[in-house]
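Please read the structure below before turning to the comments.
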Amino acid sequence: MLQGKIAIVTGSTSGIGLGIATALAAEGCDIMLNGFGDPAAIAALAKKLGDDNKVRVAYSPADMSKPADIRDMVAMAVEQLGGVDILVNNAGIQHVAPVVDFPEGRWDAVIAINLSAAFHGAKAALPHMTRKGWGRIINIASAHGLVASGEKAAYVTAKHGLVGLTKVIAIETANAGVTCNAICPGWVLTDLVKKQIEARAAAQGIPYQQAHDDLLREKQPMLQYTTPEKIGALAVFLCGEAASTMTGAALSIDGGWVAQ
Ligand code: NAD
């Protein structure tokens, strides 16, 4: 159904982004991968994704903290793949500390990568979508885009901002064949969360498995991590015809976290 659509997925060398890129490729989308990692491993990943799904896969090493890199990534998708139909703003980082101890450089980096990158990406990609009269922007926000937790000032601020940006883009593109929605996951067991579990286990002197279970119990009524595959399936749904009048929404996939 998405055969021939061209999708950029930022931060798709691991975790949720890779789950979304894999799901979109399985639907026939050509993919622009992005993110950090070992170049040989990324090349192997791109080849496998392309071979498995009979789609074209390109890779941009753009650093999402750099607006010029983001513009180059969009230009590269246009040059190498022929356009941009779907933009998934997924790349993200975390830093955990109380406001009084929060390093200023970490604040700036989280805001740049988790929030400003989505603005720069949308600004560069939207003209290609509106010209064709079809486009999808999906912003990977978080339960932390809807509610807060202590010690995550930059992350919570960026994700709330991303939900706001989603609504503005949705309004501006409402009659242009473009939709813009946010996905708000609860806990997903990726590298980003494994680091938090390890830090928690070390700080409390408890085994990894206990910290893993405690993290869930503290926030989610459902004691299960969501998977990148489930978020990929939701992204595919948002790109489909059934979701063509869905725009400006913030969709929770969080085991009941924000229902409380
Ligand atoms: P992850 O650490 O597994 O993946 C992050 C990806 O972003 C990687 O590909 C990494 O290389 C890339 N990245 C990091 N900094 C970058 C930069 N400056 N430029 C380009 N790429 C960069 O993390 P994840 O858990 O898959 O997170 C993906 C998104 O999902 C993030 O926006 C995160 O906030 C969000 N999210 C995650 C969870 C969770 O529980 N894991 C929950 C809610 C929201």
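Numbering of ligands and ligand atoms starts at 1, following listing order.
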(request) Decide yes or no for Val236 and Leu24: does some side-chain heavy atom of the first lie under 4.5 Å from some side-chain heavy atom of the second? (result) yes
(request) Go through Tyr225 and Val188 one step at a time and tell me if the side-chain contact (heavy atoms from CB on, under 4.5 Å) criterion holds. (result) CA-CA 5 Å; Tyr225 286 87; Val188 186; 5.8 Å; no
Contacts table for residues 150-176: side-chain donor-acceptor under 3.5 angstrom, sequence neighbours left out:
| residue | atom | partner | partner atom | Å |
| --- | --- | --- | --- | --- |
| Lys152 | NZ | Gln196 | OE1 | 2.8 |
| Thr157 | OG1 | Ala153 | O | 2.6 |
| Lys159 | NZ | Ile140 | O | 2.9 |
| His160 | ND1 | His144 | O | 3.0 |
| His160 | ND1 | Val156 | O | 3.0 |
| Thr166 | OG1 | Asn139 | ND2 | 3.0 |
| Thr166 | OG1 | Leu162 | O | 2.6 |
| Thr173 | OG1 | Ile169 | O | 2.7 |

(request) Please write down residue, atom name and distance for the protein heavy atom closest to atom 43 (C) of ligand 1. (result) Pro185 O, 3.4 Å
(request) Please state which part of Ala62 comes within less than 4.0 Å of ligand 1, counting heavy atoms only: side chain, backbone, both or neither. (result) backbone
(message) Minimum heavy-atom separation for Met129 and Val84, please, with both atom names.
(response) CG-O, 3.5 Å
(request) With heavy atoms of Gly92 as the reference, note each atom of ligand 1 found under 4.0 Å away. (result) 5 (C), 7 (O), 31 (C), 32 (O)
(request) Salt-bridge test for Arg56 and Asp30: reply yes if a basic N is under 4.0 Å from a carboxylate O, no otherwise. (result) yes
(request) Using a 4.5 Å cut-off on heavy atoms from C-beta on, say whether the side chain of Val57 contacts that of Lys47. (result) no
(request) Could you list which atoms of ligand 1 come closer than 4.0 Å to a heavy atom of Ile93? (result) 14 (C), 15 (N)
(request) Using a cut-off of 6.0 Å, state whether more than 12 heavy atoms not belonging to Glu198 lie near its atom CD. (result) yes
(message) For ligand 1 and Gly11, I'd like to know whether there is a polar contact (N/O to N/O, distance under 3.5 Å).
(response) yes
(message) Quick check: Thr13 and ligand 1, any N/O pair under 3.5 Å apart?
(response) yes
(message) So for ligand 1, is Val188 a polar contact partner (N or O within less than 3.5 Å, distance only)?
(response) yes
(request) Check Cys29 against Leu2 and note the closest heavy-atom contact, atom names and distance. (result) SG-CB, 3.6 Å
(request) Heavy-atom contacts with Asn34 under 4.0 Å: which atoms of ligand 1 show up? List them by number with element. (result) 20 (C), 21 (N)
(request) Around atom 25 (O) of ligand 1, find the nearest protein heavy atom and jot down its residue, atom name and distance. (result) Thr190 OG1, 2.4 Å
(message) side-chain contact (heavy atoms from CB on, under 4.5 Å) for Asn89 and Val9? Distances and angles first, verdict last.
(response) CA-CA 6 Å; Asn89 291 306; Val9 185; over 6 Å; no
(message) Can you tell me if Ala112 contacts ligand 1 (heavy atom of the residue under 4.0 Å from the ligand)?
(response) no
(message) Given the ring of Trp134, does Arg131 sit roughly above its face, with NZ or CZ under 6.0 Å from the centre of the six-membered ring and within 45° of the axis?
(response) no
(message) Distance under 4.0 Å to a non-hydrogen atom of Ile113: what atoms of ligand 1 satisfy this?
(response) 18 (N)
(message) Between Lys195 and Asp191, does any NZ, NE, NH1 or NH2 come within less than 4.0 Å of an OD or OE carboxylate oxygen?
(response) no
(request) Say whether Val193, considering both its backbone and side-chain N or O atoms, lies within less than 3.5 Å of an N or O atom on ligand 1. (result) no
(request) Identify, by atom number and element, the atoms of ligand 1 in contact range of Asp191, meaning under 4.0 Å from any of its heavy atoms. (result) 3 (O)
(message) Measuring from non-hydrogen atoms of Gly19 to any atom of ligand 1, is the shortest distance under 4.0 Å?
(response) no
(request) Select one of side chain, backbone, both or neither to describe which atoms of Ala141 lie under 4.0 Å from any atom of ligand 1, heavy atoms only. (result) backbone
(request) Identify the protein heavy atom lying closest to atom 13 (N) of ligand 1, giving its residue, its atom name and the separation to 0.1 Å. (result) Ala91 CB, 4.1 Å
(request) Kindly confirm or rule out an N or O of Met64 lying under 3.5 angstrom from an N or O of ligand 1. (result) yes
(request) Consider ligand 1: state whether an atom of it lies below 4.0 angstrom from any non-hydrogen atom of Lys159. (result) yes
(request) Give the residue and atom name of whichever protein heavy atom lies nearest to atom 23 (O) of ligand 1, and the separation in Å to one decimal. (result) Leu192 CB, 3.4 Å
(message) Tell me the protein heavy atom at minimum distance from atom 16 (C) of ligand 1, and give that distance in Å.
(response) Phe36 CE1, 3.5 Å
(message) Do the side chains of Asp214 and Arg217 get close enough for a salt bridge, i.e. N-O under 4.0 angstrom?
(response) yes
(message) Give me the atom names and distance for the closest heavy-atom approach of Leu146 to Cys184.
(response) CD1-SG, 3.9 Å
(request) Decide yes or no for Ile183 and Leu238: does some side-chain heavy atom of the first lie under 4.5 Å from some side-chain heavy atom of the second? (result) yes
(request) Provide, to 0.1 Å, the distance between atom 28 (C) of ligand 1 and the closest protein heavy atom, together with that atom's residue and name. (result) Asn90 OD1, 3.3 Å
(message) Tell me whether ligand 1 is touched by Gly186 - counting only heavy atoms on the residue side and a distance under 4.0 Å.
(response) yes
(message) Under 4.0 Å, counting heavy atoms only: does Ser14 come that close to any atom of ligand 1?
(response) yes
(request) Write out all pairs satisfying salt bridge (charged side-chain N to carboxylate O under 4.0 Å, His left out) with one or both partners inside residues 87-114, taking only residues at least two apart or from two chains. (result) none
(request) List every atom of ligand 1 that sits less than 4.0 Å from any heavy atom of Asp63, numbering the atoms from 1 in the order shown and giving each element. (result) 17 (C), 18 (N), 19 (N)
(message) Within the 4.0 Å heavy-atom shell around Gly35, which atoms of ligand 1 are there?
(response) 11 (O), 21 (N)
(message) Within the 4.0 Å heavy-atom shell around Gly15, which atoms of ligand 1 are there?
(response) 3 (O), 26 (O)
(request) Using the salt bridge (charged side-chain N to carboxylate O under 4.0 Å, His left out) rule, take Asp85 and Lys132 through it: C-alpha gap first, then chi angles, then the decisive distance, then the call. (result) CA-CA 8 Å; Asp85 303 307; Lys132 282 193 191 169; 2.8 Å; yes
(request) Work out whether the distance between some heavy atom of Tyr155 and some atom of ligand 1 is less than 4.0 Å. (result) yes
(message) Counting non-hydrogen protein atoms only, what is the nearest one to atom 26 (O) of ligand 1? Give residue, atom name and distance.
(response) Ile16 N, 2.8 Å
